[in-house]
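Below you'll find the structure, written out as structure tokens, and then a few comments.
Note that the structure is a prediction, hence the values are computed from the model and not measured. What's counted below: heavy atoms across the whole structure, side chains too, no hydrogens, waters or symmetry copies.
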Amino acid sequence: MHAPPTAPRTRRRSRALGFAALAVAMLMSVPTAQTAFGEEARAVPGGGDLGPNVHVFDPSTPDIQGKVDEIFTKQESAQFGLDRHALMFKPGTYDDINAQIGFYTQIAGLGLNPNDTTFNGDVTVDAGWFDGNATQNFWRSAENLTLNPVSGTNRWAVSQAAPFRRMHVKGGLNLAPDGYGWASGGYIADSKIDGEVGPYSQQQWYTRDSSVGGWVNGVWNMTFSGVEGAPANSFPEPPYTTLDTTPISREKPFLYLDGDDYKVFVPQKRENARGVSWANGTPAGESIPLDQFYVVKEGADAATINAAVEQGLHLLFTPGVYHIDETINIDRADTVALGLGLATIIPDNGVTAIKVGDVDGVKLAGLLVDAGPVNSETLIEVGPENASADHSANPTSLQDVFVRIGGAGPGKATTSIVVNSDDTIIDHTWVWRADHGEGWGWETNRADYGVRVNGDDVLATGLFVEHFNKYDVEWYGERGRTIFFQNEKAYDAPNQEAVQNGDTKGYAAYRVDDSVEQHEGWGMGSYCYYNVDPTIIQEHGFKAPVKPGVKFHSLIVVSLGGNGQYEHVINDVGSPTSGPDTIPSQVVNFP
């Protein structure tokens with residue numbers, strides 16, 4: 001891709017001209033399709049079974065606890081393993097359940113409403129496998145269930161890439177591990193917790209469009225938008241950043257059962273949202289039958305996936321690891337590409353894993369893109385370069401879409417996610433250059449840039465981006481907004497020279513280009529832990545033009561244990577971190 005622009009861009013919106021791409025699958029009525037060479041080929045079939053890694057239960061299933069325990073035993077410490085699992089529970093009531101959730105495991109109810117599937121029991125994440133430290137409890141999820149916790153409080157001690165969505169907890173929620181060891185960041189959306197939420201040792205957390213019975217404490221950065229019962233805005237003491245509503249949101253699509261038929265529900269976009277989307281029973285949105293999806297299973301290739309999209313099918317990736325040798329292209333409006341069980345896509349030969357056209361309403365959700373050993377210039381692109389169509393009525397969204405570079409093995413990518421389309425919603429992403437595992441090192445898993453936004457009116461809610469060799473986030477589009485940002489600079493920088501940015505010491509974690517006239521952010525933190533060379537100085541965590549339309553609220557930088565230091569929070573504003581103590585430096589509002 002071309003280098004980013006350095007001067008203000010002239011962007012021109014173009015409205016759709018009264019037609020929409022077909023979203024109806026060509027199934028029984030079209031048994032063949034034309035290939036590129038004119039021969040007839042069998043059409044890709046829609047629907048079918050969900051494969052061996054989707055485990056479906058109903059209340060009469062024997063030994064549910066035994067099966068759940070079996071999967072947890074395999075996945076508890078399998079941080080970079082290859083198994084993927086989805087535990088799906090039909091509507092009904094399940095007694096005496098404690099579903100412990102390990103790596104690459106999704107647990108979800110199959111009702112249209114979370115209250116359709118009730119556990120008299122718990123869905124638990126703890127950190128016994130890592131000596132009570134929850135900072136590596138990644139890549140798992142809980143969705144669309146109601147819990148009556150046995151002790152009155154459910155434990156969900158996670159860090160990044162572990163969403164708690166569309167859940168109803170009839171009790172409290174504890175976000176810390178047993179023993180209150182470290183935990184480092186997480187995400188709740190569209191959930192109702194009747195009791196108190198206790199983050200305790202959680203350093204940062206974002207909660208969106210939910211309802212809580214109370215919130216106990218905060219460490220560095222607790223951010224809320226559209227949350228009934230959220231604490232009042234009070235940053236930095238206590239460190240609460242609270243917005244009454246979320247300006248734009250659309251909940252993640254999910255699989256459910258309509259009688260005996262599987263469908264995917266696609267929630268409707270909401271504006272100025274507050275509270276859960278399902279409070280009045282049936283949520284607003286659209287149901288799509290499973291026979292309009294290509295059910296992707298391990299062994300499927302990119303050519304078949306692309307053929308399915310071209311003939312009008314949506315994509316449902318079953319739990320598995322998918323190696324591709326060409327880009328998955330989604331150029332049809334309203335296409336849903338939904339992954340179950342942390343379905344993982346690996347580009348083997350340096351291609352971009354996924355490209356989305358400049359079209360309305362594409363939904364990417366529940367996918368992990370893992371960089372391959374050959375450098376990819378980009379891993380995910382939303383819209384082509386210079387995209388200009390207006391998608392404000394029906395934006396494309398990325399939800400629980402995660403990127404990993406290294407960790408499971410050598411991987412490289414110049415820029416992980418590039419957003420060119422206007423109005424895109426980025427709702428919970430963790431874009432991570434590995435700092436542990438296999439195949440990591442300053443050059444081994446080289447990845448200069450995390451997220452680059454060129455589109456206008458892009459909104460990020462829950463933006464987690466970490467450890468990139470240069471800028472973690474760069475923003476060139478106008479009227480961008482970020483609600484909650486969590487960042488760690490690359491631990492493994494060998495020395496000051498390796499991160500020197502011209503005359504500037506280090507690359508900002510979040511940089512807004514000088515050309516931008518309007519931008520706003522809330523609840524944003526950057527942390528450094530330069531453990532290879534603790535003398536490294538980071539000039540600032542954030543960089544932005546000083547203009548009336550560029551505003552930030554509740555900014556924080558932290559030196560973890562004195563391993564590296566920040567001179568300022570944003571630009572040349574904010575006091576330095578200093579010494580071995582982990583004492584945050586904060587800026588409440590900028591400018």
Side-chain angles (χ1 to χ4, degrees), residues 4 138 159-161 184-185 203-204 206 220-221 369 371 376-380 398 401-407 411-419 426 428-435 440 442 445-454 458 460-477 480-493 498-502 504-513 516 519 521-530 536-544 552 555-560 563-564 566 568-571:
F138 312 138
S159 288
Q160 293 80 9
S184 180
Q203 295 157 339
Q204 56 267 316
Y206 175 51
W220 294 335
N221 179 16
V369 174
S376 294
E377 283 298 309
T378 58
L379 291 172
I380 300 172
L398 285 69
V401 173
F402 309 125
V403 168
R404 178 173 67 197
I405 302 170
K412 292 185 178 182
T414 304
T415 307
S416 290
I417 298 179
V418 177
V419 177
I426 306 170
H428 191 223
T429 187
W430 186 38
V431 184
W432 183 65
R433 176 182 165 268
D435 64 311
W440 70 280
W442 187 248
N445 62 333
R446 182 84 193 186
D448 283 351
Y449 309 104
V451 175
R452 179 176 294 147
V453 178
N454 296 319
V458 172
T461 51
L463 185 61
F464 299 73
V465 188
E466 295 188 312
H467 303 158
F468 285 84
N469 295 75
K470 292 185 178 179
Y471 293 116
D472 298 277
V473 173
E474 294 183 285
W475 211 293
Y476 293 88
R481 291 175 289 185
T482 294
I483 304 173
F484 186 86
F485 171 68
Q486 187 265 325
N487 165 263
E488 289 177 353
K489 295 302 299 175
Y491 292 177
D492 57 336
V499 295
Q500 191 69 17
N501 181 15
T504 303
K505 302 184 190 78
Y507 291 81
Y510 188 106
R511 183 181 78 87
V512 179
D513 192 68
V516 173
H519 189 91
W522 297 263
M524 306 176 72
S526 176
Y527 319 104
C528 72
Y529 184 70
Y530 289 116
I536 290 175
I537 300 296
Q538 182 77 27
E539 188 158 320
H540 41 232
F542 302 86
K543 185 178 186 301
F552 288 91
L555 298 180
I556 183 171
V557 297
V558 181
S559 168
L560 302 174
N563 289 275
Y566 292 89
H568 303 287
V569 179
I570 181 168
N571 297 354

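- Heavy atoms only, all atoms of each residue included: Y529 and N563 are closest at CE1-ND2, 3.2 Å.
- Under a 3.5 Å cut-off, the side chain of T429 and the backbone N or O of V401 do form a donor-acceptor pair.
- For D492 (side chain) and W442 (main-chain N/O), a donor-acceptor pair under 3.5 Å exists by modelled atom type.
- Looking at V419 and L398, their side chains never come closer than 4.5 Å, going by heavy atoms from C-beta outward.
- Taking OG1 of T461 as the start and CZ of F484 as the end, the distance is 11.5 Å to the nearest 0.5 Å.
- The closest donor-acceptor contact from the side chain of D448 to the backbone of N469 lies at 3.5 Å or more, if one exists at all.
- Checked against side chain to side chain contact (heavy atoms under 4.5 Å, CB included), A161 has the following partners two or more places apart in sequence or in another chain: W139, F402, W430.
- Of the options N487, I570, I556, a side chain to side chain contact (heavy atoms under 4.5 Å, CB included) to S526 is made by N487 and by none of the others.
- Checked by atom type, the side-chain pair Q204/Y527 shows a donor-acceptor distance below 3.5 Å.
- With rounding to the nearest 0.5 angstrom, the CZ atom of R511 is 4.0 Å from the OH atom of Y476.
- F542 has its side chain within reach of V557: a pair of non-hydrogen atoms, C-beta onward, lies under 4.5 Å apart.
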**Request:** Applying side chain to side chain contact (heavy atoms under 4.5 Å, CB included), run through W475 and V458 and close with a yes or a no.
**Result:** CA-CA 10 Å; W475 211 293; V458 172; 3.9 Å; yes
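- When all heavy atoms of N501 and G506 are compared, the pair lying nearest together is CB-O, 3.7 Å.
- Y471 contributes no side-chain N or O that, together with a main-chain N or O of R452, makes up a donor-acceptor pair within less than 3.5 Å.
- The distance from atom OH of Y491 to atom CD1 of I536, rounded to the nearest 0.5 Å, is 13.5 Å.
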**Derivation and outcome, side chain to side chain contact (heavy atoms under 4.5 Å, CB included), residues L555 and Y510** = CA-CA 11 Å; L555 298 180; Y510 188 106; over 6 Å; no
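- Between G523 and N221, the shortest heavy-atom distance links the atoms O-ND2, 3.3 Å.
- Using a distance-only test at 3.5 Å, with no hydrogens or angles considered, no donor-acceptor pair links the side chain of H568 to the main chain of H540.
- Under the rule for a side chain to side chain donor-acceptor pair (under 3.5 Å), R481 has no partner lying at least two apart in sequence or in another chain.
- A donor-acceptor pair under 3.5 Å is formed between the side chain of N445 and the backbone N or O of A434.
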**Message:** Between R433 and D435, is the salt bridge (Lys or Arg N to Asp or Glu O under 4.0 Å) condition met? List the steps.
**Reply:** CA-CA 7 Å; R433 176 182 165 268; D435 64 311; over 6 Å; no
**Request:** Show your working on side chain to side chain contact (heavy atoms under 4.5 Å, CB included) between L379 and I405 and close with a plain yes or no.
**Result:** CA-CA 10 Å; L379 291 172; I405 302 170; 4.2 Å; yes
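- For the atom pair CD of E466 and CG of D472, the computed distance is 8.5 Å after rounding to the nearest 0.5 Å.
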**Message:** Set out, in order, the CA-CA distance, both residues' side-chain angles and the distance that settles side chain to side chain contact (heavy atoms under 4.5 Å, CB included) for F552 and V512, then state yes or no.
**Reply:** CA-CA 11 Å; F552 288 91; V512 179; 3.9 Å; yes
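- Rounded to the nearest 0.5 Å, atoms CG (L463) and CD1 (I483) are 11.5 Å apart.
- Side chain of Q160 to backbone of S184: a donor-acceptor contact under 3.5 angstrom is found.
- The aromatic rings of F138 and W432 sit tilted, their planes meeting at an angle between 30° and 60°.
- Between the side chain of K489 and the backbone N or O of K470 there is at least one donor-acceptor pair closer than 3.5 Å.
- No side-chain donor-acceptor contact under 3.5 Å links Q486 to the backbone of M524.
- No donor-acceptor distance shorter than 3.5 angstrom exists from the side chain of Y206 to the backbone of F485, with no hydrogens or angles considered.
- Proximity of V431 to F468: side-chain heavy atoms (C-beta onward) are separated by under 4.5 Å at one or more points.
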